[in-house]
Amino acid sequence: MKKTKTLGLLRGLLWQVIGTVFGLGFVTAIRVLMRLPAWKTEPAVVVGALFGALFFLYGVGVLDDWLKWAAGEETPEHDESDWGWRRYWGPSHDHKVIGIQYLTLALILFSVGGLFALTFRTQLAGNQQFLSPIEYNTLMSLHGIVMIVGILIGISAFMNYTVPLLIGASDMAFPRLNAFSFWIAVPAGIILLSSMALGGFDTGWTGYPPLSIRAPLGMQMFFLGVSLSSFSSILSALNILATVIRLRTRGMTPFRLPIFVWAAIATSIISLTATQLIGLAFQMVMLERLLGMGFFDPIKGGNPILFEHLFWFYSHPAVYVFILPGLGVISELLPVFVRKPLYGYRWVAMSSLGIALTGFLVWGHHMFASGMAEYLREPFMYSTLLVAVPTGVKFFSWVATIWKGKISFPTPMLFVLGGIVVFLLGGLSGPPNGTISTDLLLNNTYYIVGHFHDTLFGGYVLPFFAAIYFWWPKMTGRRLNEKLGKLHFWLMGPAMIVLTLLMMRIGLLGMRRRVDGYDPALGFQPYHIVMTIAAFLIGLSVIVFFINVFLTRKRGEIATGNIWESRSPEWQVPSPMPLHNYEKELEVVGEPYDYGLPGSRYVKFVGED
Amino acid sequence: MKHFIIIAVLVIASTLAIHTGLGSIGLLPRLASAQGVSIDQLFGIYTWAIAFVFSLIIVPLFYSFVVFRRKKGETGDGVYMEGSSKLEIAWTLLPLIAVLYLAYLGAQSLSETRRVDPSAMVVKVIAEQWNWQFQYPDYLFASKSLYLPVGQQVDLQMTSLDVTHSFFVPEFRLKQDILPGRTVDLRVTPTLIGHYTVECAQLCGKNHTTMVADVYVVTNADFQAWAKQQVANAPKDPVLIGEQLASLYGCSVCHSTDGSKKVGPTWLHLYQSSVALSDGTRVTADAKYLNNSITDPNSQIVSGFSPNVMPATFAQALTLTQIQDLIAYIESLK
């Protein structure tokens with residue numbers, strides 16, 4: 001038993017193959033019994049992929065405890081055995097292991113999504129087709145969705161790793177559900193990428209019908225992969241909320257929570273309540289394709305606009321799912337590196353909830369040119385511009401936090417500051433998309449592409465790396481190399497700014513998004529060449545990061561203490577974090593960010609002075 | 001206090017520099033429509049607002065990096081300050097007022113773009129994978145490129161035969177998605193004579209990139225001359241006229257000519273075939289039957305199809321000759 005458990009991932013993959021074959025056979029058998037022609041590719045493949053995912057979960061062993069409970073068997077509360085490095089390859093219940101598993105998967109997905117982008121960017125630079133239109137569209141669409149799933153998984157990585165540590169808990173509220181949330185993302189990712197082998201799809205990550213109804217079989221793998229990974233988001237959000245509500249340590253009142261936890265709460269509320277809508281919308285298209293249901297087909301009385309509403313009802317708030325944890329990382333790390341309290345803590349905490357709330361009311365701004373009901377356009381314009389208010393509170397509070405600090409610039413701080421600058425560009429390019437009349441020019445152009453790459457790079461990618469550099473010693477007991485870290489930053493940050501500003505530039509001049517070439521007479525080629533070089537520099541910076549990880553794995557500077565002089569509880573114990581986190585119970589005795597207040601403390605261990 | 005004066009000066013300088021810089025590189029393509037005037041004005045306001053807010057954040061940020069950086073060998077913490085509710089309220093309320101005002105300006109400029117001229121010329125825009133067709137109902141011809149007389153409002157009545165497309169001419173500043181199964185309107189008043197391109201702006205499948213067509217804005221006299229020529233070039237053969245009518249009046253949205261089943265029966269091999277009706281009888285699809293089906297569609301419903309789907313307005317909409325042309329076209333498909 002123990003031996004097979006160490007091979008969890010391999011066993012899961014094997015069972016996924018078995019499940020897929022079973023699903024193919026299952027559909028064929030039913031068709032034979034119904035006296036239909038035995039083989040029909042689309043239903044067979046969809047059901048095969050679905051069974052493959054379910055069998056994977058069984059094979060990997062994530063259902064073991066639940067199956068035993070169903071059979072009346074007992075299982076130990078905690079898995080006390082130490083598997084060494086093998087624990088990362090199977091269903092661990094330890095939130096720190098799961099966090100690192102999520103992180104690994106996120107980095108793999110980012111690398112894959114980035115390679116897709118570099119591929120089609122090369123075509124745009126040359127303006128010569130070496131990808132066929134369907135290949136181009138498939139790569140472009142997959143770049144979008146793979147990055148989005150990667151971001152969601154990266155968020156789960158940080159929330160899983162840090163939230164229990166930040167609130168002084170020994171683990172998440174539901175450790176088995178936590179393992180399930182991670183492992184369902186693996187077959188979902190495989191199914192998503194399998195779309196490339198099944199004809200691809202040419203709809204972008206938005207998958208609007210009626211186009212997605214006519215798209216090749218790969219479309220179904222896209223819909224199924226996203227639907228399955230949505231379970232990961234929903235369950236992991238539920239787990240975070242339960243953990244924060246139930247497992248805070250003594251004295252940790254709501255306004256003494258580390259600020260990142262507030263961001264995690266806001267993000268989890270959105271994930272828990274909105275993700276269903278994209279799952280639902282995608283499943284409706286799947287059923288329309290499989291069973292001929294006419295939800296979005298005007299000939300059968302359906303309405304394609306309905307899909308856009310369902311899709312954006314999730315997919316706009318999802319943007320805040322992506323950036324709120326990133327902004328939370330910025331707010332969490334700034335005080336450490338400026339040695340000053342976070343300015344207006346309560347306002348920053350509430351602004352996360354404010355963004356989450358207003359984020360639910362603005363989805364229609366993606367549809368200003370869609371032909372939706374006319375009376376909806378102006379209310380959505382007002383609600384959209386309101387998002388600027390809580391976002392502004394964050395920016396002003398950050399500036400005030402930095403003001404009169406003692407600022408130092410180690411690698412995590414560089415990424416934090418880079419995040420603020422790039423997110424500012426993303427934020428300021430937003431309002432012109434938010435007023436309807438100016439959006440009529442900008443909608444579906446490269447301007448939008450530049451805008452959202454800035455928001456996601458500033459609000460997610462740069463803070464994501466800040467968090468990796470900051471918490472890496474906590475995870476491994478070793479520090480990432482500073483020189484390579486700074487090289488990583490100075491390659492990535494400026495290249496990103498150049499790339500996105502040029503995207504906005506050509507977008508304003510009328511360059512459409514999602515095209516695989518352009519009229520040379522428009523004069524866009526020099527811009528595309530510079531953008532492609534910038535994109536390759538970003539790719540290079542990520543390679544520098546991987547080299548850094550590889551080099552410091554064995555030989556990095558040992559960092560077991562509180563190297564950032566943080567007040568946060570996880571830094572009060574030696575790194576790497578012990579198996580069950582805090583051996584002694586923690587008690588919160590002060591404010592989290594009172595840097596500069598002599599004699600103050602945030603936490604102490606019960607029994608200590 | 002010294003800090004704040006320096007920062008205020010730098011913010012003003014930076015705002016002016018950014019605004020001048022953005023203005024000098026030319027952000028927008030040339031403007032060629034009356035609707036775009038208020039849009040460009042709003043872009044002008046945005047250029048100022050963005051230059052100012054960007055400076056307002058970036059200047060104190062970089063100023064702090066220089067002035068408040070930790071010098072070599074320095075230890076200890078920054079100045080202890082927790083926050084100020086007055087400041088927080090100020091930087092909540094002022095942006096709130098600013099964005100509400102921007103939204104108000106946006107609403108005003110939107111209503112400018114939607115001003116209706118009752119004497120607008122109607123052009124029907126038919127989008128399909130991956131080409132454009134422009135029909136001029138006043139003149140009864142269709143064209144692959146869009147000719148528009150300058151200074152005259154045109155009402156583009158757009159529909160799609162397959163997936164969602166989008167009408168986009170950057171110089172007109174306007175964009176509107178085109179949906180299957182319904183007609184959406186877009187009103188444009190071209191103001192600048194010239195050659196432009198209409199591009200599909202909503203991803204519509206593998207050849208989305210090449211779904212472009214020429215747009216010519218010409219003088220009224222040139223437009224009339226062009227229209228006259230198009231009419232003169234129009235086919236004389238009833239079959240060809242019928243084919244155009246089928247497209248112009250939307251028959252082909254519901255009736256295929258390749259044998260596939262759409263909302264209505266296909267026209268392929270229909271003529272002189274034996275048709276099963278929903279009341280159980282059979283009838284031969286001759287000219288009399290076809291004429292009856294066009295003018296009074298609910299009287300004979302083909303088995304497997306529903307009544308009250310096809311509009312019963314074609315008896316008024318079409319002349320007798322046009323109906324004969326349509327029948328000639330259907331006959332040609334046998």
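What you see is a predicted model, and the numbers here were worked out from it, not measured in a lab.
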Check whether [X] gets within reach of chain A through its side chain, its backbone, both or neither, counting any heavy atom under 4.5 Å.
| X | answer |
| --- | --- |
| B:Ser84 | both |
| B:Tyr104 | both |
| B:Leu179 | side chain |
| B:Val169 | neither |
| B:Phe65 | both |
| B:Glu74 | side chain |
| B:Leu105 | neither |

Scored by heavy-atom pairs under 4.5 Å with chain B, the best of A:Ile402, A:Asn443, A:Asp519, A:Asp297 is A:Asn443
Do the ring planes of A:Phe423 and A:Phe395 sit parallel (below 30°), tilted (30 to 60°) or perpendicular (above 60°)?
-> parallel
Determine the interplanar angle of the B:Phe68 and B:His3 rings, folded into 0 to 90°, and report it as parallel if under 30°, tilted if 30 to 60°, perpendicular if over 60°.
->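 Geometry flag for B:His3 against B:Phe68: perpendicular rings.
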Please look at A:Met140 and chain B and tell me whether the side chain, the backbone, both or neither of the residue comes under 4.5 angstrom of a heavy atom of that chain.
-> side chain
Check the side chains of B:Thr209 and A:Tyr136 for a donor-acceptor pair under 3.5 angstrom, ignoring hydrogens and angles.
-> no
